[in-house]
Amino acid sequence: MLQPDLEALDREPLARLQLERLRHTLARVRDNPAWRARLGDVAPDDLGRLEDWRGLPFLTKDALRDAYPFGLACGAAEGYRRVHMSSGTTGNPILNPYTAADVAQWGEVMARCYAAAGVTRDDVVQITPSFGLFTGGFGFHYGAERLGAMIVPVGAGRTLLQLKLMRDLGVTVLPAIATYPLRLIEVAREEGFDLTSLRLRVAILGSEMWSDELRATIDRALALTSYDIMGMTETGGPGLGIDCPARAGLHVWEDHYYVEIVDPSTGAVRPDGVDGELVVSTLTRQGLPLVRYRTHDLTRVVARTRCDCGRTMLRVDRLRGRTDDMVIYKGVNFYPRQVEALLLRTDGLGPEYQIVLDADGGSERMTLVAETAPGGDAAAAARLRRELHDLLSLSPEIRLCPPGTIERAPGKAVRVVDRRPKA
Ligand code: ZN
């Protein structure tokens with residue numbers, strides 16, 4: 001552990017620390033009239049216990065977009081040093097301005113994530129997410145710097161160069177967007193690059209939903225252990241939490257973030273163990289503090305007991321999907337990750353796929369385009385059709401194509417192409 005006095009703090013002092021910091025967050029945001037208008041008269045001293053936080057209104061993505069650029073920012077007194085942006089698809093982007101303390105906070109939680117993944121200063125870390133407005137590259141950079149590890153800051157793309165540097169510099173740690181390792185594996189195959197010449201032992205992956213089956217595929221092909229990291233631009237980038245060698249859920253750094261799981265339709269807080277939408281409040285962020293931010297990510301609290309790794313910080317399940325990723329087709333709800341899991345369990349198929357939804361003369365049509373694995377057979381389609389029907393109640397047209405056919409997006413993979421008219 002990087003900071004055992006905090007990461008393994010007993011629950012009771014941790015709760016006291018959270019309450020004190022939530023009061024600080026409330027005091028900070030109340031200096032901004034836009035926040036005061038949102039929150040009404042509630043004062044920090046009105047919070048007698050953690051549960052009182054539930055009385056505050058939610059903060060939505062739309063509210064953050066509407067506040068573009070800095071309407072809900074709270075760090076003017078300290079001064080801003082940096083801005084990052086989330087890649088929204090519609091309307092204004094969401095900006096997160098960082099103070100110097102925010103940049104330091106980010107480095108701290110990211111260093112903890114590396115340490116949870118067993119990374120030390122003796123490791124060589126090749127950073128493959130992009131450096132820029134996207135938070136990935138810099139977050140991994142600050143964390144590795146704080147740890148004292150050697151950094152190879154390549155950023156996104158140039159996959160063959162990435163492989164060559166990994167081999168020649170003895171790179172041991174691979175931070176990446178979750179599907180990027182598939183690209184590394186594929187380019188290695190195309191170019192005759194010997195993956196056994198690599199010394200990778202740890203991958204830290206996030207920013208996309210990725211199934212347990214995809215995880216097993218990556219771990220096996222690259223002969224490493226992957227760790228699942230969470231976080232988003234609004235919370236200050238990756239570093240909200242990560243899983244540990246116990247693989248028993250993702251630890252959330254609760255001295256920096258207060259998380260709740262709520263019913264996505266009513267907003268009521270759900271008990272531990274029950275799925276719902278992740279809501280995040282920040283305890284230490286200055287530039288853009290969050291009060292009950294609705295992330296749209298679906299998960300559940302797995303445990304608040306001490307983990308086998310020694311940490312006491314609560315664990316949430318690997319993210320299952322996003323409320324806005326859910327596909328509704330002919331009355332059936334499903335998440336792309338469920339389809340991915342079935343594909344990877346079907347012999348003869350590769351991990352790349354796309355779900356295409358069309359509407360023709362009033363009736364909906366779903367096509368699942370999937371790549372065969374090298375040496376895969378056409379009979380895989382029949383096996384997949386049966387599984388999709390039995391497990392997800394879906395009967396799409398299945399189109400198999402050779403490896404490399406589906407276009408590879410430069411950042412996050414495009415898994416759903418919905419051409420149906422918007423209701
Ligand atoms: Zn653990």
Side-chain angles (χ1 to χ4, degrees), residues 1-15 17-18 50 105-123 125 139-140 143-144 146-147 149 172-176 178 200-207 209-212 214-216 218-219 224-232 235-261 271-276 278 280 282-284 295 297-320:
M1 283 181 232
L2 186 78
Q3 296 166 310
D5 49 331
L6 291 164
E7 295 173 55
L9 188 61
D10 286 335
R11 297 296 307 180
E12 200 186 313
L14 177 61
L17 180 67
Q18 287 190 303
L50 282 175
Q105 184 266 0
W106 197 14
E108 178 179 314
V109 292
M110 285 301 291
R112 278 190 200 175
C113 289
Y114 276 117
V119 179
T120 72
R121 56 180 305 159
D122 298 329
D123 277 296
V125 180
F140 284 111
R146 171 86 186 250
L147 210 57
T172 52
V173 179
L174 166 67
L200 290 175
R201 59 180 196 84
V202 167
I204 302 179
L205 308 177
S207 183
M209 302 297 148
W210 51 305
S211 59
D212 292 341
L214 181 57
R215 181 174 212 174
I218 292 168
D219 285 9
L224 51 71
T225 304
S226 59
Y227 291 83
D228 188 0
I229 192 167
M230 62 194 289
M232 60 205 84
T235 62
L240 177 63
I242 191 167
D243 58 3
C244 66
R247 282 205 178 175
L250 281 71
H251 290 283
V252 171
W253 305 125
E254 288 182 276
D255 52 333
H256 291 283
Y257 301 98
Y258 180 70
V259 297
E260 302 165 273
I261 304 293
D272 287 0
V274 179
D275 279 335
L278 177 71
V280 179
T282 60
L283 305 184
T284 52
T295 64
D297 287 325
L298 296 169
T299 184
R300 66 193 171 100
V301 172
V302 173
R304 294 178 197 262
T305 49
R306 188 178 297 271
C307 177
D308 288 349
C309 72
R311 291 178 181 83
T312 50
M313 301 254 153
L314 73 74
R315 283 165 278 155
V316 296
D317 205 353
R318 297 187 66 214
L319 302 183
R320 286 153 183 251

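One-based numbering, in listed order, for ligands and for the atoms of each.
Remark: Arg318 is positioned above the aromatic ring of Trp210, its terminal NZ or CZ atom under 6.0 angstrom from the ring centre and at most 45 degrees off the axis.
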- request: Evaluate side-chain contact (heavy atoms from CB on, under 4.5 Å) for Arg300 paired with Asp275, printing each intermediate quantity in order.
  value: CA-CA 5 Å; Arg300 66 193 171 100; Asp275 279 335; 3.5 Å; yes

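Counting only N and O atoms by type, the side chains of His251 and Glu7 include no donor and acceptor under 3.5 Å apart.
When atom types are taken as modelled, the side chain of Trp106 and the backbone of Gly239 share no donor-acceptor pair closer than 3.5 angstrom.
Take a cut-off of 2.8 Å around the Zn ion (ligand 1): the protein N, O or S atoms inside it are Cys244 SG, His251 NE2, Cys307 SG, Cys309 SG.
With Tyr114 as the partner, the side chain to side chain contact (heavy atoms under 4.5 Å, CB included) test is satisfied by one option alone out of Ile229, Val173, Asp123: Val173. No option in Asp212, Asp219, Asp317 other than Asp219 meets the salt bridge (charged side-chain N to carboxylate O under 4.0 Å, His left out) test with Arg247.
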